[in-house]
Amino acid sequence: MANERILIVEDELSLLRANMDFLTDLGYEVRAASTLADARRLLREAPPDLVLLDVMLPDGSGFDFSVVVRQLSNSPVIFITALSDLKDEERGFALGGDDYLIKPYDLNRLGIRVAAILRRAMYVGSGRAEIPPLSVDPSSGLCRLDGENVVLSPMEMRLLHYFMKNPNMMIHREKVYEDVWGASALDNAQTVVEHVYRLRKKLHMTDNPDSWFRISSEKQSYMFSKIRY
Ligand code: CA
């Protein structure tokens, strides 16, 4: 198998170099951009398997650029930023970020996150999940609800697939994180909260009396169930 390709977008050159050396040593094929203009060019040339995206860049915002990444590729995105405000983190996830690393960070932590995200991006699920009128097919990346396509990020798709394979079960948030994200839940509970929030919105579960499905939450646990037949 060819080495997985990672695009790093970072304007702090010493950090860019450290990340590049570290990930190259781990066996990844790494490309680097220090501006969004360069990143856009590299993204078009060869879609990466993963994008590490700094938020504050000289020619714009990584948050804004993540929308471009979504349009041009299926690559998962890890935001890397000095912004540690919860609001910023929420914004990153709302834009479809798959994970979020706050500077300064330990390179080993970066390696763990990268490996986990790539592992699940490769994941094609244990086949299609179907609970009519909802179906999810991770291998084709298609989600349909009541005949309509629902656009999900790779992570949202994986999370929904997981819920559909485990319906009507209260599952603790940390267990969800470990099963779906493939990493220890130590400080990532908020990631699950954000993804569930987006799934609820995309599947019209919020304040909608005609909802087919519900993700209920109680004591930091979630349960996916069908509520209308
Ligand atoms: Ca920066």
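In this text, all values refer to a predicted model and were calculated from it rather than measured experimentally. Numbers for residues simply follow the sequence, beginning at 1. Order of appearance sets the numbers: ligands from 1, and atoms from 1 within every ligand.
- For a distance bound of 3.0 Å, the N, O or S atoms of D11 include one lying that close to the Ca ion (ligand 1).
- Salt-bridge check for E148 with R144: failed, with every basic side-chain N at 4.0 Å or more from each acidic carboxylate O.
- Counting heavy-atom neighbours within 6.0 Å of R44 CZ, excluding the residue itself, gives a total of 12 or less.
- Electrostatic pairing of E10 and K103 counts as a salt bridge here, judged by a charged N lying under 4.0 Å from a carboxylate O.
- Salt bridge annotation for R113-D99: present, with a cationic side-chain nitrogen under 4.0 angstrom from a carboxylate oxygen.
- Inclusion of D54 in the first shell of the Ca ion (ligand 1) is supported: an N, O or S atom falls under 3.0 Å.
- The distance from the Ca ion (ligand 1) to the nearest N/O/S atom of M56 is under 3.0 Å.
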